[in-house]
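Take a look at the structure set out below.
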Amino acid sequence: MQWETVIGLEIHAQLATKTKIFSGSDTTFGAEPNTQASLIDLAMPGTLPVLNQEAVRMACMFGLAVDAEIAERNIFARKNYFYPDLPKGYQTSQMDDPIVGKGHMDITLDDGTVKRIGITRAHLEEDAGKSLHEDFNGMTGIDLNRAGTPLLEIVSEPDIRSAKEAVAYVRAIHALVRYLGICDGNMAEGSLRCDCNVSIRPKGQTEFGTRTEIKNVNSFRFIERAINTEIQRQIEILEDGGSITQETRLYDPAKNETRSMRSKEEANDYRYFPCPDLLPVVIERDFLTELKTQLPELPQEKRQRFQAEFGLSEYDAHVLAASREMADYFEQTQQVCGDAKLAANWVMGELSSLLNKDNLEIAESPVSAAQLGGMLRRILDNTISGKIAKTVLEAMAAGEGDADQVIEKRGLKQVTDSGAIDALIDEMLAANADQVEQYRSADENRRGKMFGFFVGQAMRASKGKANPQQVNELLKKKLED
Ligand code: ADP
Ligand code: MG
């Protein structure tokens with residue numbers, strides 16, 4: 001049997017507001033437990049929520065960026081359930097009237113084709129606190145610092161057809177919220193987490209199969225693995241003649257398996273109702289028009305501009321626009337050196353592998369864009385060769401200063417004085433008289449190979465500093481004589 005996978009994702013993005021969605025408490029991650037929980041977050045009787053306008057503005061930015069309808073009136077609702085980390089006994093969320101309606105997100109697949117994924121809605125809600133099971137001799141502590149942190153829950157249509165597509169979609173959302181500056185995207189700290197709804201159906205069937213939901217997956221790699229193991233599990237059940245139970249599951253990365261958390265029968269009945277403490281939020285159209293003019297350049301626009309303005313390939317534009325930091329770094333480098341293609345090659349090539357080696361983000365690069373651009377200028381004006389430049393880059397990364405300082409200090413300046421190169425080649429040819437003889441009597445094919453040997457010898461004799469182009473030209477002349 002041929003199976004088709006159907007996936008819909010619910011992404012929770014923590015909005016990067018200074019304070020919480022309904023109180024003035026700080027939202028900074030990692031503080032001492034319960035130092036950032038106000039009376040409102042603790043749900044003391046008599047306290048009332050005040051909506052953080054910044055959270056509304058950020059949700060609207062997201063809505064505009066995914067071409068969504070933004071509701072004129074959106075309404076907060078109470079989602080009722082009992083849990084120790086939820087002091088109010090309900091989560092303030094949105095149900096029937098979310099702030100952001102239908103929109104879409106385009107993703108690029110491995111083969112380069114673009115696929116449009118529908119966004120069903122995105123709504124505002126508050127995060128809950130956290131139970132801490134460590135360090136309490138069998139007891140559990142509650143940290144309410146996170147209670148009331150604003151979240152934007154972004155719900156996709158069941159348009160995704162593989163784990164790879166799911167990852168591409170989450171990456172695209174991740175890049176977008178970071179471009180917009182509305183979420184720091186730090187998945188390890190839980191700033192962006194993903195619930196994966198997965199079902200399978202016989203290929204060709206139009207109805208969806210029964211789905212399971214894998215809760216709170218918090219890395220790109222785990223999303224791919226969790227979905228793939230869940231697909232496999234469902235295939236095995238159905239091929240054995242069984243049926244899928246609609247349920248919530250948890251992914252265990254250590255065992256690479258999903259486990260049942262609760263079934264639909266055990267699911268909570270949340271008894272949603274409009275929150276009487278909060279007025280409906282009316283979003284004026286003028287506000288949206290104004291906000292639209294303030295949106296930064298988005299990934300898609302940047303990719304197109306990189307191709308049009310710099311003549312980059314689609315692939316290069318895609319890689320460089322993957323994050324705002326990467327794009328800015330590239331643009332700054334190209335501004336300094338004036339050669340976009342050279343800048344693109346070095347940012348994507350040598351610089352990226354240097355960063356990968358130490359597991360660094362581009363924002364943490366030990367070599368600044370100005371430094372890299374400065375070094376590329378020295379390639380362009382023939383002060384150093386591309387090969388020597390790799391040494392210079394490493395030296396800059398090790399803190400030896402700018403390219404010019406490194407070149408000066410280490411004596412890496414390229415030899416372009418043709419007299420010097422001439423002498424060096426003569427000396428090298430004299431030392432390899434036998435090979436020169438062989439070369440002169442060899443056929444075309446063999447000559448080609450031997451020529452490379454002579455270039456190598458000459459470059460070595462110059463410690464890599466001779467201008468390779470001049471070496472080539474001079475050698476050709478001398479060997480033909
Ligand atoms: P609920 O109200 O139970 O949360 P929704 O209808 O809102 O369910 O869907 C939640 C998510 O599940 C959405 O992202 C949606 O695309 C996805 N989804 C719905 N049905 C399926 C299915 N059969 N297979 C995979 N994903 C699905
Ligand atoms: Mg849901």
Side-chain angles (χ1 to χ4, degrees), residues 1-13 66-68 95 98 100-123 152-174 176 192-253 256-267:
M1 172 87 77
Q2 281 267 67
W3 298 98
E4 181 178 52
T5 306
V6 173
I7 299 164
L9 300 179
E10 295 160 280
I11 295 176
H12 288 89
V66 296
D67 257 330
M95 179 62 183
V100 176
K102 274 192 187 316
H104 54 80
M105 183 78 193
D106 289 343
I107 60 169
T108 307
L109 306 180
D110 277 349
D111 65 1
T113 54
V114 172
K115 176 169 175 175
R116 177 156 288 187
I117 306 295
I119 288 174
T120 315
R121 58 185 283 163
H123 63 258
L152 186 66
E153 176 173 339
I154 305 157
V155 183
S156 88
E157 291 289 302
D159 289 345
I160 299 163
R161 291 290 171 272
S162 69
K164 274 226 152 63
E165 282 183 26
V167 172
Y169 169 79
V170 182
R171 279 193 189 279
I173 294 282
H174 183 259
L176 179 63
L192 195 124
R193 39 196 206 262
C194 183
D195 300 342
C196 311
N197 297 273
V198 181
S199 67
I200 59 169
R201 61 181 172 188
K203 224 180 171 110
Q205 179 181 306
T206 44
E207 310 94 83
F208 291 145
T210 304
R211 73 180 145 115
T212 60
E213 177 175 4
I214 314 164
K215 277 274 177 216
N216 271 333
V217 193
N218 67 352
S219 84
F220 296 120
R221 190 160 11 114
F222 290 167
I223 290 170
E224 183 163 354
R225 286 196 195 159
I227 291 174
N228 278 330
T229 49
E230 179 58 15
I231 294 171
Q232 229 25 64
R233 190 188 70 88
Q234 293 188 12
I235 290 178
E236 276 163 30
I237 291 173
L238 292 181
E239 294 198 336
D240 279 350
S243 60
I244 306 297
T245 316
Q246 182 169 344
E247 62 183 356
T248 306
R249 300 180 70 83
L250 266 188
Y251 176 65
D252 178 348
N256 193 32
E257 64 179 29
T258 65
R259 276 199 300 273
S260 180
M261 216 170 115
R262 57 182 129 85
S263 71
K264 196 173 166 83
E265 289 74 50
E266 300 163 273

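Closest approach of S199 and G209 over heavy atoms only: CB-O, 3.6 Å. Considering every non-hydrogen atom in both L250 and K215, the closest pair reads CD2-O, 4.1 Å. Taking each heavy atom of C194 and L9 in turn, the nearest pair found is SG-CD2, 3.9 Å. Between A226 and T258, the shortest heavy-atom contact is O-CG2, 4.0 Å.
For A172, the side chain to side chain contact (heavy atoms under 4.5 Å, CB included) partners two or more places apart in sequence, or in a different chain, are M105, I107. Every residue meeting the side chain to side chain contact (heavy atoms under 4.5 Å, CB included) condition with A68, not counting sequence neighbours, appears here in chain and number order: V66, V100. By the side-chain hydrogen bond (donor to acceptor under 3.5 Å, both in side chains) test, S156 is found to be paired with no residue, residues two or more places apart in sequence or in another chain being considered. In this structure I231 satisfies the side chain to side chain contact (heavy atoms under 4.5 Å, CB included) test together with T5, V198, I200, I227, N228, I235, sequence neighbours excluded. Every residue two or more places apart in sequence or in another chain that forms a side-chain hydrogen bond (donor to acceptor under 3.5 Å, both in side chains) with R259 is listed here: D252, E257.
W3 and E239 are linked by a side-chain donor-acceptor pair at a separation below 3.5 angstrom, with hydrogens and angles left out of the test. A donor and an acceptor atom, one from each side chain of N256 and R225, are nowhere located under 3.5 Å apart.
Interatomic distance, CZ of R211 versus SG of C196, reported as 12.5 Å (0.5 Å rounding). Annotation: the span from I154 atom CD1 to L152 atom CG amounts to 4.5 Å, rounded to 0.5 Å. Between E10 atom CD and N216 atom CG the span is 10.5 Å, to the nearest 0.5 Å. Atom OG of residue S243 and atom CG of residue L238 lie 7.5 Å apart, to the nearest 0.5 angstrom.
In this structure, N197 contributes its side chain and E213 its backbone to no donor-acceptor pair below 3.5 Å. The backbone N or O of G103 lies less than 3.5 Å from no partner atom in the side chain of D67, so there is not a single donor-acceptor pair. At least one donor-acceptor pair under 3.5 Å links the side chain of R161 to the backbone N or O of P158.
The pair E207-R201 does not count as a salt bridge, with every side-chain nitrogen at least 4.0 angstrom from each carboxylate oxygen. Ion pair E230/R249 flagged as a salt bridge, since at least one NZ, NE, NH1 or NH2 atom sits closer than 4.0 Å to an Asp/Glu carboxylate oxygen.
Each of T229, N218, I223 was compared with Y251 under the side-chain contact (heavy atoms from CB on, under 4.5 Å) criterion, and only T229 meets it.
Among pairs with a residue in residues 107-122, those fulfilling side-chain hydrogen bond (donor to acceptor under 3.5 Å, both in side chains) read H104-R116, D106-R116, T108-H318, D111-T113, K115-E165, T120-E157, R121-H123, at least two apart in sequence or across chains.
V217 places none of its side-chain heavy atoms less than 4.5 Å from the side chain of D195. When side chains are defined from C-beta on, L109 does not count as touching V114, because their heavy atoms never get closer than 4.5 Å. For the pair I11 and Y169, the minimum side-chain heavy-atom distance is below 4.5 Å.
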Working for side-chain hydrogen bond (donor to acceptor under 3.5 Å, both in side chains), residues E247 and T212: CA-CA 5 Å; E247 62 183 356; T212 60; over 6 Å; no
